[in-house]
Amino acid sequence: MTGYRWASTARLVADRVIGIVRGPDASTALDHARRLTAAGLGSVEISLTTPGALRAIEEASKVGFVGAGTVLDGHQAAMTISAGARFLVCPTLSEDVIRTAHRHGVPVVAGAATPTEIVQALEAGADLVKLFPASQFAPADLKAIVQAVPHAPLVPTGGVSLASAASWLEAGAVAVGMGGELVRTPEEEVRAFLTSLRTP
């Protein structure tokens, strides 16, 4: 692994969207990841719930900035990093994942659902905090959380749509995680969506 963790973290949120890919097999996930990358999305996460995910990560990492999602423990963290993952995303807080990833200079987006868990994730060394599932919240809730912990780099994930993404960002999110709807959107529409988020 080359480069600095802070630089990888900055790259991870540069487009303000992290694409989430999962599929029934590695080939499908790889196709989705390549299509999102071709549409201009700079960060794509391939979920380990995808059969053959490591193979998909290895191939996708040759052409894009690809990470692993649904990473639950240090063993999975080490395997995905060996396969080429440049960042890791967890649905929960795993200090084992954070330690393993940081040993290799890889940033971690740790999951949290409450202000207490957000602070715990930051204290454990998470580079970003995944507010999950975002469907349990609204942008106004995020705004209130940011007022209490303004230093928390939050990434709402799970329920964020093309229509609501800008509202989450305006409320204080550093980026949003998006899966199914983004994957199903035609490439040109994805490109236009990304452009709209970059335009003040």
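- Heavy-atom minimum distance, A60 versus I46: CB-CD1, 4.0 Å.
- At a cut-off of 3.5 Å, with distance as the only test, no side-chain donor of T114 or T116 sits close to an acceptor on the other residue.
- The shortest distance between side-chain heavy atoms of T9 and V13 does not fall below 4.5 Å.
- One hydrophobic cluster holds both L194 and L169 under the rule that ILVMFWY side chains link at heavy-atom gaps under 4.5 Å.
- Considering all non-hydrogen atoms of both residues, A39 and E187 come closest at CB-CG, 3.5 Å.
- L72 has its side chain within reach of P91: a pair of non-hydrogen atoms, C-beta onward, lies under 4.5 Å apart.
- One distance of note links CZ of F193 with CZ of R198; it measures 10.0 Å at 0.5 Å rounding.
- With respect to R55 and E59, no salt bridge is recorded, no charged nitrogen being found less than 4.0 Å from a carboxylate O.
- Interatomic distance, S43 OG to R16 CZ, rounded to the nearest 0.5 Å: 13.0 Å.
- Listed for the D25 side chain is a donor-acceptor partner under 3.5 Å among the backbone atoms of S27.
- A donor-acceptor contact shorter than 3.5 Å is absent between the side chain of D96 and the backbone of D73.
- In terms of modelled atom types and a separation under 3.5 Å, the side chain of T100 and the main chain of V97 share no donor-acceptor contact.
- T50 and S47 share no donor-acceptor pair across their side chains, judged by distance under 3.5 Å alone.
- Counting all heavy atoms, side chain and backbone alike, G177 lies closest to V155 at N-CG1, 3.8 Å.
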Check step by step if side chain to side chain contact (heavy atoms under 4.5 Å, CB included) holds for I20 and L182.
CA-CA 8 Å; I20 303 167; L182 193 66; over 6 Å; no
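- Counting only N and O atoms by type, the side chains of T28 and D31 include no donor and acceptor under 3.5 Å apart.
- The same ILVMFWY cluster, assembled from side-chain heavy atoms under 4.5 Å apart, contains both V71 and I98.
- Using a 4.5 Å heavy-atom cutoff, the side chains of S8 and F65 are in contact.
- A distance-only check finds no donor-acceptor pair linking the side chain of R86 to the backbone of L12 [under 3.5 Å].
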Would you give me the side-chain donor-acceptor pairs under 3.5 Å for residues 125-133, sequence neighbours excluded?
from	atom 1	to	atom 2	distance (Å)
D127	OD1	R5	NE	2.7
D127	OD1	R5	NH2	3.3
D127	OD2	H102	NE2	2.8
D127	OD2	V108	N	2.8

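- One N or O on the side chain of E117 and one on the backbone of A113 form a donor-acceptor pair closer than 3.5 Å.
- The minimum heavy-atom distance between P156 and W168, with the atom names listed, is CG-CE3, 3.6 Å.
- Distance alone, capped at 3.5 Å, is enough to place a donor-acceptor pair between the E181 side chain and the L162 backbone.
- With S94 contributing its side chain and T92 its backbone, the two residues share no donor-acceptor pair below 3.5 Å.
- Under the 4.5 Å side-chain contact rule for hydrophobic residues, F87 and V176 do not share a cluster.
- With contacts defined as side-chain heavy-atom distances shorter than 4.5 Å, the pair H151/L122 qualifies.
- Placement of L197 and V160 within a single hydrophobic cluster is found when ILVMFWY residues are connected by side-chain heavy-atom separations under 4.5 Å, directly or transitively.
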Step by step, work out the side chain to side chain contact (heavy atoms under 4.5 Å, CB included) result for T70 and V89.
CA-CA 6 Å; T70 326; V89 183; over 6 Å; no
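- Using a 4.5 Å cut-off on side-chain heavy atoms (C-beta onward), Q120 and I118 make no contact.
- Both V17 and L154 are part of a single hydrophobic cluster, where members link through side-chain heavy atoms under 4.5 Å apart.
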Under 3.5 Å, which donor-acceptor pairs link side chains of residues 136-150 to any protein atom two or more places apart or in another chain?
from	atom 1	to	atom 2	distance (Å)
D141	OD2	A138	N	2.7

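- Of the inter-residue distances, the one linking R191 atom CZ with L36 atom CG reads 11.0 Å to the nearest 0.5 angstrom.
- A pairwise comparison of heavy atoms in M178 and S161 identifies CE-C, 3.5 Å as the closest pair.
- Across L93 and A110, no two heavy atoms sit closer than the pair CD1-CB, 4.1 Å.
- A donor-acceptor pair under 3.5 Å is absent between the side-chain atoms of E58 and the main chain of L54, judged by distance alone.
- One N or O on the side chain of T37 and one on the backbone of A33 form a donor-acceptor pair closer than 3.5 Å.
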